[in-house]
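Let me begin by presenting the structure, written as structure tokens, before commenting on it.
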Amino acid sequence: MTASKKPWSARTLAAQAMGATDPLTRAVVPPIHVATTYIRDEDNGYSSGFVYGRPDNATTREAENVLAMLEGGSQALLFGSGMAAATAVFQALGPGDHIVAPTVMYWALRHWLASEARRWGLQVDFVDTTDLDALRAAVTPGRTRLIWIETPSNPLWTITDIAAAAEIAHAAGARLAVDSTTASPYHTRPLALGADIVMHAATKILNGHSDVVAGALVTKAEDDFWARIAAIRRGQGGILGPFEAYLLTRGMRTFHLRAAAQSASAARLAEKLAAHPAVSKVLYPGLPDHPGHAVAAQQMENGFGYMLSIRLAAGEAAAIATAARVELWKRATSLGGVESLIEHRASIEGAGSPCPPDLLRLSVGIEDPQDLYDDLATALDRATGRS
Ligand SMILES: *Cc1c(COP(=O)(O)O)cnc(C)c1O
């Protein structure tokens, strides 16, 4: 690429997985590197840079390069799951360090912070991070080391102002990490807004086909904290395996097409469902009546994502009955795949969850949005005695 030429767009680079090919055969798709060990040079060195399969893998690195590019970060690390990636960030802190985390967030991580993190000597406070005054008040300079946010957040899709949260963190000498799984780099690039680390459950829309469990961290700076995270992955053996990494790279080649289709369908469904008589509320940051809409409009681009929730006027039993009556939507947990999923979220989150019992979480896939609406509307009508 010559200096005068404008850089290729993220969509272009992702489609070609950063241009990686196989130098041996000139294949357009690089091979999957499965070796666990590498031959030493005669002078006892490792000139390829690869020594053993736990610290590093070339196929995994290819996926990491795509992800670092998508987020505009300096480096990415892939882990065996989103939870493994997220917990590596907290484990890189030390005993006595204070963390501020949101009240509305991915349930399993909230549970880990409330139980396991405390056993590591970490002090965790949960606050409503959409309320910047509350966030500011929860931070103590010199004691708080990390603010963790998730936006839009599971399963209410509340919006936290990333730039403002970064300012609050940095003023206190803390870092800001963002779980950007549901926004995805199609809609939001937290590092450009001031965040220090971005986390993804790559299990979700980045891979997009519901056939890989994977997690990722992307950093703005390769500083001491990042070196600790890398040491934790190396030491604890958390690296993503080459087969999964290959599938993830394949998924990311079509990421922009899927994300565009899924968010357009989600926006259309949100509008149509808001007019359905059985639905008391649609939770979607793209709707003007959503409390986070103004901030979302500022920090998200290309729309508002593929996730929404609906609340049913007739309550919990009607919500469960609706999920039981859909034929096209798949009744399952998780999100971000090409197939649309519906879930009665309170059933999985259990006691202490901020999720209302009348809520159904919808992950919108790439099917015809009219089919998706018709199937759900029919289920709503049947479950609430309208037909
Ligand atoms: C799924 C998910 C996670 C956890 O990822 P796993 O790959 O299931 O461990 C974390 N955060 C969010 C927002 C998620 O949706």
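FYI, side chains are in, hydrogens and waters are out, and symmetry mates aren't considered; it's all heavy atoms of this structure. Just follow the structure's listing: the first ligand is 1, and inside any ligand the first atom is 1.
- The six-membered or imidazole ring of Phe90 lies near that of Trp148, with a centre-to-centre distance under 6.0 Å.
- Atom CD of Gln91 is surrounded by more than 12 heavy atoms from other residues, nucleotides or ligands within 6.0 Å.
- Gln16 CD: 12 or fewer foreign heavy atoms inside a 6.0 Å radius.
- The one candidate from Ser180, Pro285, Ser263 that meets the side chain to side chain contact (heavy atoms under 4.5 Å, CB included) condition with His187 is Ser263.
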If you look at each N/O of ligand 1, which protein N/O atoms lie under 3.5 Å away, and at what distance?
from	atom 1	to	atom 2	distance (Å)
ligand 1	7 (O)	Gly82	N	2.8
ligand 1	7 (O)	Thr203	OG1	2.7
ligand 1	9 (O)	Gly82	N	3.1
ligand 1	9 (O)	Met83	N	2.8
ligand 1	11 (N)	Asp179	OD2	2.7
ligand 1	15 (O)	Lys204	NZ	2.7

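- Within 6.0 Å of the CG atom in Asp224, the count of heavy atoms belonging to other residues, nucleotides or ligands does not exceed 12.
- Contact detail for Leu122 and Gly94: the closest heavy-atom pair is CD2-O, 3.4 Å.
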